[in-house]
Structures are given as structure tokens and as C-alpha cells.
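Working notes, structure below.
Keep in mind that what you see is a predicted model, and the values were worked out from it rather than measured. Read the numbers this way: they start at 1 and go in the same order the structure lists the ligands and their atoms.
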Amino acid sequence: MGSILVIGSYNRDTVLRLSRFPAPGETLTALGMAEFHGGKGSNQAVAAARAGGRVALLAALGNDASGQAARALWTAEGITVEGVQTVPAPTGAATILLDAAGENQIIIVPGANAALALPSGFTPPCDVTVAVAQLETPQAATAALFRTLTGARRILNVAPAAAILPELLATTDMLVLNETEAAILAQREAEPAALALALAAETMREVIVTAGAAGAFWARPDGVVIQATPPRVAVTDTTGAGDAFLGAFAAFSAAGHTPEKILGLSVTAGALACTQHGAVPSLPYRTAILALAS
Ligand code: RIB
């Protein structure tokens, strides 16, 4: 089994639990507040490790308590952290509004994440078979890393949705995004399968569009689509569901499973992540994913 290299963000998440989202100009009283580890890069690295992957992480932290807590998390999860940098900026932070249906709205303050760069002379571990990135850290750093990883499957999670730099798209093999992000990128509303096909044809890359309970749609530029539907679960908090999907996808890809099995296990991981509060506490372990998928 090859290893997984994740480049991406860490955020300290502050979650405000609400009965509903506020209207513009309205003041609401929260039902509760909690803090969790977060950030799409860190979440995906932890998810991949819990799904059985061997994971190394490239990230940037501030010299502060949140940065120390992040390092402790990754060490506890068995993630290799030689590529983690300490930079002169506060560790990233996010405020997450969570409504009674488990849906969220997220505001990020990038801080140290915005300073992430590929160290000069960086050489990736030679056995990397899957690389994963998102858009909470500079695209130039991801492009520079992906350029060194020609033998790996290089996956870009287009989250938060943004235009992709040509040099990053040129070094990316696969795009993964949720249906909202896909509609933004495609500049139109459509069914998730249609969005996946359109984006695959436009970018000439494999594209996976995730659509919550409707499952995930993996389209190739030649028009072939694979679909997987997740098991039904009681939804508590959808935060981190996409990250659980990405991490599981990386781990089960590195383990060499078939596309159908990889997609089925990944939507199961995403569903499991909706059953608990917080991003990192909800990221499922391999045994739980396999048990629910069987
Ligand atoms: O995908 C969920 C994550 O998005 C949160 O942990 C938050 O930090 C933002 O990065």
C-alpha cells in the first residue's frame, strides 16, 4: 500500500449551535458553543489515517496554543508532520453556525494557512500514491507540490469553491466537490451527475460531485459515471462529512480497491461523519466504515 500526502489547512473551529440561521441584521442567542479541531486539510489527513492510510501532512501553523494543539492531534493520529511549518501569523480559525437540521455555514480566518509554501528543496516521500489538497491554502503551493508527484493520483477538493489556477489544474488528476461548489464552478444549477459530467468534459479531469444523501457521482471525461448511495443515518452535524469522504477516498484508493468499492466506502464514511458533533470527533475509523458498508 502506498502512502498519502495531504497539503492543506488547519483551523480551530468554534461551533455555535442555533435553532436556525440568523437573517441579515438579526441578533440570535446560541443554544451552545464548542471548540474542535478543524480545517479541511487537517480533517482530511485525520480521516485518511483513521480509514487505514499512511499519511503525511504539509500545513502551516502559528506559534500559539492552537498550533500546539494541532501538532498534538496529528501525533496522536499517527500522521507524519515533518512538513508542518510554523509561520509568523496566528493559527487559522473558523466560526461555524450549525442549525437544528445539522446544516452549517462556515466563515474561515486563514491566518497561518495563507502563508503555507512548499519548502525549497522539498522532496516528497517516494512512495506517495495519493495526494490531496483543498483551496484553504495557497494554490501556488499545491501546484508546486503536485508538480513533484507525477506518479501519484493528485486530488483537488475544490473547497471553498473558487476558480482554479491553470498551473494547478494542469497538475491535478481529479476534482472532488460538493453539489453547491460544483454549481458555482459550472456556473449553472443541474443534477449532480450532470454537473460531474459537464465539469469532467470541461476540465478533461475525473470529477466527483458529492450530494449528501443522494450519494456521489464519479464522472470521467469520456462520459462514464459511477454512482454510490450512502446508508441512511440520523444527521446531527454535517460538518466534516466532505472531509471524511475525501480522507476515506484517499485511504481506500491507496489500498488499491476498485473504483466502485472506493466510492461506496467513501460515501459511507461521509454518512458516518454526520452522526456526531464537530469535525474531528465525527471522522470515522476503518472498522466502522467497513461494518456499515457491509
Ligand atoms: O470541512 C469542514 C471544515 O471547513 C471545518 O473544520 C472548518 O475549519 C472549515 O475548514
Side-chain angles (χ1 to χ4, degrees), residues 6-18 33-51 57-62 64 66-67 69-70 73-74 77 79 89-99 102-116 132-139 141-142 155-162 175-182 184 208-212 216 235-250 266-267 269-284:
V6 179
I7 180 169
S9 56
Y10 173 87
N11 295 325
R12 186 74 186 160
D13 287 352
T14 300
V15 179
L16 302 179
R17 204 159 46 78
L18 307 170
M33 184 177 106
E35 292 206 344
F36 298 101
H37 294 289
K40 296 184 196 303
S42 175
N43 293 345
Q44 291 173 21
V46 172
R50 290 186 181 176
L57 178 63
L58 279 171
L61 300 169
D64 49 27
S66 295
L73 165 74
W74 297 331
E77 298 287 342
I79 294 169
T91 295
T95 297
I96 300 179
L97 304 185
L98 180 69
D99 78 359
E103 294 297 334
N104 64 36
Q105 294 179 342
I106 302 179
I107 313 289
I108 56 171
V109 184
N113 295 311
L116 180 63
V132 182
Q134 322 74 32
L135 296 184
E136 287 183 346
T137 46
Q139 294 193 31
T142 300
I155 304 169
L156 181 64
N157 177 209
V158 193
L175 305 175
V176 180
L177 57 181
N178 67 29
E179 53 191 331
T180 307
E181 293 152 351
I184 293 170
I208 296 179
V209 173
T210 60
V235 174
T236 302
D237 178 359
T238 56
T239 310
D243 300 328
F245 177 95
L246 260 295
F249 190 91
S266 303
V267 295
L272 278 166
C274 296
T275 61
Q276 287 184 52
H277 279 291
V280 164
S282 72
L283 299 172

Which pair of heavy atoms, one from [X] and one from [Y], lies closest together, and at what distance?
X	Y	answer
L283	N43	CD1-O, 3.3 Å
L116	A60	CD1-N, 3.8 Å
L61	G67	CD1-O, 3.5 Å

For [X], atoms of ligand 1 separated by under 4.0 Å from a heavy atom:
X	result
G38	6 (O), 8 (O)
D243	1 (O), 2 (C), 3 (C)
N43	2 (C), 3 (C), 5 (C), 6 (O)
A94	7 (C), 8 (O)

For atom 5 (C) of ligand 1, what's the nearest protein heavy atom and its distance? D13 OD2, 3.3 Å
Around atom 9 (C) of ligand 1, find the nearest protein heavy atom and jot down its residue, atom name and distance. E136 OE2, 3.4 Å
Within the 4.5 Å heavy-atom criterion, are E103 and T238 side-chain neighbours or not? yes
Are the side chains of K40 and L246 in contact, using a 4.5 Å heavy-atom criterion? no
Audit row: S66, D64, side chain to side chain donor-acceptor pair (under 3.5 Å) steps and yes/no: CA-CA 6 Å; S66 295; D64 49 27; 4.8 Å; no
Applying side chain to side chain donor-acceptor pair (under 3.5 Å), can you list everything that pairs with T137, at least two apart in sequence or on another chain? none
Looking at ligand 1, does any of its N/O atoms fall within less than 3.5 Å of an N/O of N11? yes
Counting only nitrogen or oxygen atoms and a 3.5 angstrom limit, does K40 reach ligand 1? yes
Below 4.0 Å from ligand 1: does a non-hydrogen atom of G39 turn up there or not? yes
